[in-house]
Amino acid sequence: MSGTRFSDIVRLGEVDSTNRYLSEQARAGAEEGLVVVADHQTAGRGRLGRRWESPPGTSLLCSVLLRPSLGPEKLHLAAVAVALSAASACASVAGVEPAVKWPNDLVVGEAKVAGVLAEVVPGPEAAAPLGLVVGVGVNLTWPGPPGAGGTSLVAAGGSTVTADELLEGLLDELEGRRQLLDGALGRARLADEARRRCSTLGRDVLVELAHEEVLGRAVGLTDEGHLVVERDGERQVVVAGDVVHLRPPPGAGRYQA
Ligand code: BT5
């Protein structure tokens, strides 16, 4: 991995949360590219205060610090770049190609094999670009807590791979996509890749926002990676929220959100 933007890797046996650890480093001024990986988290974070669980040694648990020069309205695309890189690494390293369920879950069929959590951290000085700590948890051999509807790479038919092998693949994939964030054309390419990989598009969805629910059909992704939902002929752009796919894709059995 030498010579890439992501060659500075902190390896921990146990930590409360790799995102928490890296956010602290970011606040103290750590440079873009710093990576933290742990065998086990005692308080792994999901979105909206939820937990990410995994027994020791069963998952890739890592966080990456990005500092692209992007306004807050475009930062989501940086998290998308990480999610796409993780999906590509699952394909090239383990032989399982997950789709992306908006905003950033990696799914095989409807089962979640990986989650992504992006947290914005202010720069050390007011003028510095915002930091984005993007955490990725990939289930290698454990399918997630009972009832959560998860799967693992092995359960999905993939080969047995180590967290290190998958991390190396992810960081290799991220190198190119990170460069794409720097220009409008590159960002358009990333958004196109996100559209190709997104299993939410074309589906009837229920989007759970902080104070309302939006029921409609997911019809597109904006160039920032935000979800466009159509209802009664009107389009609404959803910037952040939880999405439930309401109907199974053709040929699938009963769906669990
Ligand atoms: C996510 O949240 O999917 C983001 C998960 C990000 C985890 C990584 S691990 C490294 C880094 N450091 C951290 O502290 N976090 C990041 P969300 O969409 O809120 O999904 C959480 C929900 O998924 C939980 O409420 C459970 O229902 C379910 N869940 C928990 N652990 C799971 C697992 N291992 N596999 C599948 N589902 C899981």
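Counting starts at 1 for both ligands and their atoms, in listed order. Values reported hereafter were calculated over all heavy atoms of this structure, with side chains retained and with hydrogens, waters and symmetry mates removed.
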Are more than 12 heavy atoms from other residues, nucleotides or ligands located less than 6.0 Å from atom [atom1] of [X]?
{"X": "Glu31", "atom1": "CD", "answer": "no"}
{"X": "Arg195", "atom1": "CZ", "answer": "yes"}
{"X": "Glu234", "atom1": "CD", "answer": "no"}

Test applied, side chain to side chain contact (heavy atoms under 4.5 Å, CB included); reference residue, Leu190; option that passes from Asp223, Leu185, Leu84: Leu84
Can you list the ligand 1 atoms lying under 4.0 Å from a non-hydrogen atom of [X]?
{"X": "Gly144", "answer": "33 (C), 34 (N), 35 (N)"}
{"X": "Gly46", "answer": "2 (O), 4 (C), 19 (O)"}
{"X": "Cys62", "answer": "10 (C), 11 (C)"}
{"X": "Leu61", "answer": "9 (S)"}

Protein contact of [atom] - nearest heavy atom, named by residue and atom, plus distance:
{"atom": "atom 25 (O) of ligand 1", "result": "Arg50 CD, 3.5 Å"}
{"atom": "atom 8 (C) of ligand 1", "result": "Gly137 N, 3.6 Å"}
{"atom": "atom 38 (C) of ligand 1", "result": "Trp52 CZ3, 3.5 Å"}
{"atom": "atom 9 (S) of ligand 1", "result": "Gln41 NE2, 3.5 Å"}

Between Thr200 and Trp102, is there a donor-acceptor pair closer than 3.5 Å when you use the side chain of the first and the backbone of the second? yes
Any side-chain to backbone donor/acceptor pair from Ser17 onto Asn19? Under 3.5 Å, distance only. yes
So, 4.0 Å and heavy atoms of Gly44: is ligand 1 close enough to count as a contact? yes
Are Val154 and Val107 connected in the hydrophobic side-chain network, where two residues link if heavy atoms are under 4.5 Å apart? no
Could you work out, for [atom], the closest of [options] by heavy-atom distance?
{"atom": "atom 10 (C) of ligand 1", "options": "Val107, Thr58, Thr18", "value": "Thr18"}
{"atom": "atom 3 (O) of ligand 1", "options": "Arg45, Lys112, Arg47, Arg20", "value": "Lys112"}
{"atom": "atom 21 (C) of ligand 1", "options": "Arg51, Glu53, Lys101", "value": "Arg51"}
{"atom": "atom 27 (O) of ligand 1", "options": "Gly149, Ala111, Ala148, Gly147", "value": "Ala148"}
{"atom": "atom 14 (O) of ligand 1", "options": "Ser17, Ala38, Pro146", "value": "Ser17"}

Heavy-atom contacts under 4.0 Å between [X] and ligand 1: side chain, backbone, both, or neither?
{"X": "Val136", "value": "backbone"}
{"X": "Ser59", "value": "neither"}
{"X": "Asn139", "value": "side chain"}

Just by distance, no angles: are the side chains of Thr42 and Glu14 close enough, under 3.5 Å, to form a donor-acceptor pair? no
How about Ser88 and Arg177: does a side-chain donor come under 3.5 Å of a side-chain acceptor? yes
Find out whether Val214 and Arg231 are in side-chain contact, i.e. whether some heavy atom of one side chain is under 4.5 Å from a heavy atom of the other. yes
Evaluate Val116 against Val134 for side chain to side chain contact (heavy atoms under 4.5 Å, CB included), listing each step before the verdict. CA-CA 7 Å; Val116 174; Val134 189; 3.6 Å; yes
